[in-house]
Amino acid sequence: MIKIFNSFSSNKDKFEPFEKNMVKVFICGPTLYDYTHVGHARIFLTYDLLCRHLRERGYDTDVLVNMTDINQNVFNKAKDESKDYHVVARFYAQKFAEDLNILNIKSVNRFAYVSDYVEYMESHISQLLEQKIAYYANGNVYLDISKDRKYGMLSKQSRNQLQLHRLDIGPNKKSQEDIMLWNCSDDFGFSWKSKFGSGIPWWHMQDTTVALENFGANYDIHGGARELLYPHHEAHLAQYKMFSTSENPVKMWMHVGLVLSNGEKMSKSLGNVVWSKDLAQKYGQNLLRLYIFSTHYREDVNFDEKQIIERRQLLQKINITGTKTSKKTDSELSVLVEAFFAALDDDLNSPKALEIFENICSKVIAGSNIGYDDFQRICQVLGIVL
RNA sequence: GGUGAGGUGGCAGAGCGGCUAUGCGUUCGCCUGCAAAGCGAAUCUAUAGGGGUUCGAAUCCCUUCCUCACCUCCA
């Protein structure tokens, strides 16, 4: 039985997909204005591990990543470089794909450029207007959040708290916490024509539409970094529910911890950003995986290259073990192999799984036998390629 | 200020009521032409501070202090 910590329930919940053997996963993807950094890499490595493990456990996976190209940062970059924003976005999308590839992340099978979905966003927003769940204010369109009694439950905030936020500020909003769906401003330098006037579909609505068009009324896992919990995921859930018959159209909300650098969040202004491609080139994807997986995904990691290097010993042991596989696994090691997978069943406890794997390798090097198939299963789930 | 997650040996990081992981590091052996890797052994005996509960707490409760994240865009 697979258990996953669900941010909505704040509990390790037993995982059962809506469809028997198919797991639909939505991962909040990159905004296409810069290269992939370690933080992004960690997110996608984590879900890659999850999907590999789900497949090991007999599920099929269907993984969707939104590629955000309607965003102020992308527009700014395009203006700075005097290019069409599409050119900028596609350039970084290409780089992102390359970065995933270098890291042997093969789980993602749907990449959705949000700008390809604008007409659907328009139609979704229209539906909400017709149902009087959304309203106009100063030309913008907002979601009337009072229609969702459970709004705030994902980020664990009371109504009072929610009202304090300076979210999507604009005149004539019915309520301060209402979420913007369409922004009619022309100040962005780029805009789309719609029946609401020209403007841009707002951030949260982009993902809601992408999810609806790809997955329909529900899906199993929504993933992303913890920092997206509020307002992004809270807003997405509120919107999504309006199109679903279920109160819980998304089974699991899985949030990955941040990668810090010198104890602080990576950001360009602090100058502490580490690019994924540089690390992959320097250390290789195997080592990077062993490093990332040696911390539980919900914890923050203080990025430290020394610790990547420390993982070399483990990789070496794995390499040696790979040359010593047998036809059959000793019963003593079979227990450990099962324990490896059981650790991953328990909210993807990869540090524990790696410890068990290291133990297995030590025993094989000392003379015990592991079957080729068992060894391969483990490497396959970890994404290690020898 | 509000909300959430944390504070474990030199470092990383499990354990989440009793048997005090594990890895790196350090030291010494074996191996090797030398080194690296590997193997063996030794080393450090930790749980932020203060109160409780208990026969017994890193693990439960209270409290103080500290760290990080979110609350504008952010993976």
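We use all heavy atoms of the structure for the numbers below, so side chains are in, but hydrogens, waters and symmetry mates are not. Computed from a predicted structure; not experimentally measured. Residue numbers start from 1 in every chain, and the chains themselves are labelled A, B, ... in the order their sequence lines are given, proteins ahead of strands.
A salt bridge links Asp300(A) to Arg226(A): one of the charged nitrogens lies within less than 4.0 Å of a carboxylate oxygen. By the 4.0 Å N-to-carboxylate-O rule, Arg110(A) lies close enough to Asp62(A) to be salt-bridged with it. Ion pairing between a basic and an acidic side chain is recognised when a charged N comes within 4.0 Å of a carboxylate O; Glu98(A) and Lys277(A) show no such pairing. A salt bridge links Arg159(A) and Glu177(A); the closest N-O separation between the charged side-chain nitrogens and carboxylate oxygens is under 4.0 Å.
Between the side chain of Asp346(A) and the main chain of Ala343(A), no donor-acceptor pair closer than 3.5 Å is present. In this structure a side-chain-to-backbone donor-acceptor pair under 3.5 Å is present from Asn214(A) to Val210(A).
Residue Leu229(A) is classed as having no contact, given no heavy-atom separation below 4.0 Å to the nucleic acid. Looking at heavy-atom distances under 4.0 Å, His296(A) makes contact with sugar-phosphate atoms alone, never a base. Asn73(A) comes within contact range of the sugar-phosphate backbone alone, with a heavy-atom separation under 4.0 Å but no base atom that close.
One finds no side-chain N or O of Ser158(A) lying less than 4.0 angstrom from the OP1 or OP2 phosphate oxygen of G2(B).
For the C1' atoms, the distance linking G13(B) with G23(B) amounts to 8 Å, nearest Å. A41(B) and C68(B) have their P atoms separated by 42 Å, given to the nearest Å. Spacing between A36(B) and A75(B) at atom C1', rounded to whole Å, works out to 37 Å. Taking the C1' atom of each, C16(B) and U8(B) are spaced 12 Å apart, rounded to whole Å. For the P atoms, the distance linking U26(B) with G33(B) amounts to 25 Å, nearest Å. When the P atom is compared between G29(B) and C61(B), the two are found 50 Å apart, to the nearest whole Å.
Distance NE2 (His236(A)) to P (C73(B)): 17 Å, rounded to an integer number of Å. Atoms CD (Gln72(A)) and P (C73(B)) sit 12 Å apart, rounded to a whole Å. As rounded to whole Å, 13 Å separates atom C1' of A12(B) from atom CG of Leu354(A). To the nearest angstrom, P of U72(B) lies 13 Å from CD1 of Ile179(A).
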Can you check each nucleotide of nucleotides 15-27 of chain B against protein heavy atoms at under 4.0 Å and return B for base, S for sugar-phosphate only, - for none, in 5' to 3' order? S-----BSBBS--
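Cation-pi contact between Arg42(A) and Tyr297(A): absent, since separation from the ring centre below 6.0 Å together with deviation from the ring axis within 45° is not met. A cation-pi arrangement is not found for Lys251(A) relative to Phe15(A), the charged atom failing to lie both closer than 6.0 Å to the ring centre and inside a 45° cone about the ring normal.
Nearest-nucleotide assignment on RNA chain B puts the 5′-proximal partner with Gln161(A), out of Gln161(A) and Leu314(A). Residue-to-nucleotide proximity on RNA chain B shows that, of Asp304(A) and Ser155(A), the 5′-proximal contact is made by Ser155(A).
Here A42(B) sits opposite U26(B) as a Watson-Crick or G-U wobble pair (both hydrogen-bonding atom distances under 3.5 Å).
The side chain of Thr31(A) sits closest to A75(B) out of U72(B), A14(B), A75(B). Nearest nucleotide to the Gln316(A) side chain, out of G38(B), C73(B), A75(B): G38(B).
The aromatic rings of Trp253(A) and His255(A) sit parallel, their planes meeting at an angle under 30°, below the 60° perpendicular limit.
Using a 4.0 Å cutoff on non-hydrogen atoms, no part of residues 81-89 of chain A comes near RNA chain B.
If you look at His222(A) and His236(A), their ring centroids are closer than 6.0 Å.
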